[in-house]
Amino acid sequence: ALPICIWSSTWCTNANTRMSNNGLAGHPVMSDITFFQQPLPEGWSYPCTLVEIQQRLALFPQADLDGLRSVGLTASTAKSCHAYGRFCPCPCSSIQICSVRDDLFYRLPPEYKMGWVQSNLLDEMSYGMRAIQIGSRVGCQWDAQGFRRFILEVTLAHEVGHHVYHQSR
């Protein structure tokens with residue numbers, strides 16, 4: 001499958017990052033997590049909101065979120081837009097959900113052919129992603145609702161899983 005998680009040694013904040021500690025009431029760990037959103041260049045958007053991420057995280061067992069320091073929305077680049085999210089264990093545990101181009105389209109690298117996509121991206125396709133042949137390359141087209149659901153239901157859980165595994169090492 002495509003890399004949902006790419007390890008990064010740099011933490012995701014900078015001077016332009018908007019941060020908040022608005023944990024959800026009734027979930028003790030949520031108040032310990034800093035939520036952030038980086039500004040985006042024109043032509044890029046986030047697949048979901050910080051509030052939707054907080055609501056989804058509130059469904060996880062408290063033990064799965066222990067030690068998680070930040071969760072947020074981070075800007076992708078055209079080169080890194082194949083990653084939906086990242087878990088960064090250092091210097092403190094952080095989950096980043098990546099931005100996407102406004103048209104919700106990306107081209108796969110040349111080595112990924114249609115047969116590979118149809119065999120390996122079944123989860124994405126079940127959430128509404130379409131694979132499109134463009135000459136010798138394959139492109140992936142999302143619809144906004146399907147992509148939002150995929151990020152909140154699959155990618156976020158995947159990244160929390162990385163955090164749980166890292167905590168248990």
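The analysis underlying the following values was restricted to heavy atoms, covering all of them including side chains, and did not include hydrogens, waters or symmetry mates.
In terms of heavy atoms, A157 sits closest to E153 at CB-O, 3.9 Å. The two atoms that bring G67 and Q167 nearest to each other are CA-NE2, 3.7 Å, heavy atoms only. Between C140 and L121 the shortest heavy-atom distance is SG-CD1, 4.5 Å. The minimum heavy-atom distance linking S76 with W44 is given by the pair CB-CZ3, 3.9 Å. When all heavy atoms of I97 and P47 are compared, the pair lying nearest together is CG2-CG, 4.0 Å. Nearest heavy-atom pair, K113 versus S136, reported as atom, atom and distance to 0.1 Å: NZ-O, 3.7 Å.
More than 12 heavy atoms of other residues, nucleotides or ligands lie within 6.0 Å of CD in E111, so this atom counts as buried by the packing criterion. Shown here is R130, whose CZ atom has no more than 12 heavy atoms of other residues, nucleotides or ligands within 6.0 Å.
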Evaluate the side chain to side chain contact (heavy atoms under 4.5 Å, CB included) criterion for residues V100 and Y84: first the C-alpha distance (whole Å), next the side-chain angles of each, then the deciding distance (0.1 Å), finally the verdict.
CA-CA 8 Å; V100 66; Y84 301 130; over 6 Å; no
CA sep, side-chain torsions, deciding dist, call: Q141, L104, side chain to side chain contact (heavy atoms under 4.5 Å, CB included): CA-CA 6 Å; Q141 180 68 59; L104 301 175; 3.9 Å; yes
Check: When you look at L40 and L73, which way does the side chain to side chain contact (heavy atoms under 4.5 Å, CB included) test go after all the steps?
Finding: CA-CA 10 Å; L40 289 173; L73 299 165; over 6 Å; no
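By the 4.5 Å heavy-atom criterion applied to side chains, Q38 and Y46 are counted as neighbours. For the pair V164 and F60, the minimum side-chain heavy-atom distance is 4.5 Å or more. Y106 has its side chain out of reach of R101: every pair of non-hydrogen atoms, C-beta onward, lies at least 4.5 Å apart. Residues V138 and I132 form no side-chain contact, since every pair of their non-hydrogen atoms from C-beta on lies 4.5 Å or further apart. Between C48 and R56 the shortest side-chain heavy-atom distance does not fall below 4.5 Å. Proximity of V160 to L57: side-chain heavy atoms (C-beta onward) are separated by under 4.5 Å at one or more points. Between L108 and R137, every side-chain heavy-atom pair lies at or beyond the 4.5 Å cut-off.
In this structure, the separation between CG on L65 and OG on S93 is 11.0 Å, given to the nearest 0.5 Å. The line from CZ of R149 to CH2 of W142 is 9.5 Å long, rounded to the nearest 0.5 Å. To the nearest 0.5 Å, the span separating OG1 on T74 from CD on Q37 amounts to 10.5 Å. Here the straight-line distance linking atom NE2 of H163 with atom CZ of F87 works out to 6.0 Å at 0.5 Å rounding. Between the OH atom of Y127 and the CG atom of D143 there is a distance of 12.5 Å, given to the nearest 0.5 Å. Within the model, atoms OG of S168 and NE2 of H166 stand 9.5 Å from one another, a figure rounded to the nearest 0.5 Å.
Inspection of the S94 and S70 side chains reveals an N or O donor paired with an N or O acceptor under 3.5 Å.
The same ILVMFWY cluster, assembled from side-chain heavy atoms under 4.5 Å apart, contains both M129 and M114. Under a hydrophobic clustering in which Ile, Leu, Val, Met, Phe, Trp and Tyr are joined whenever their side-chain heavy atoms come within less than 4.5 Å, directly or via other members, M125 and W116 fall into the same cluster.
Remark: side-chain polar atoms of Q133 are paired, donor with acceptor, to backbone N or O of G135 under 3.5 angstrom.
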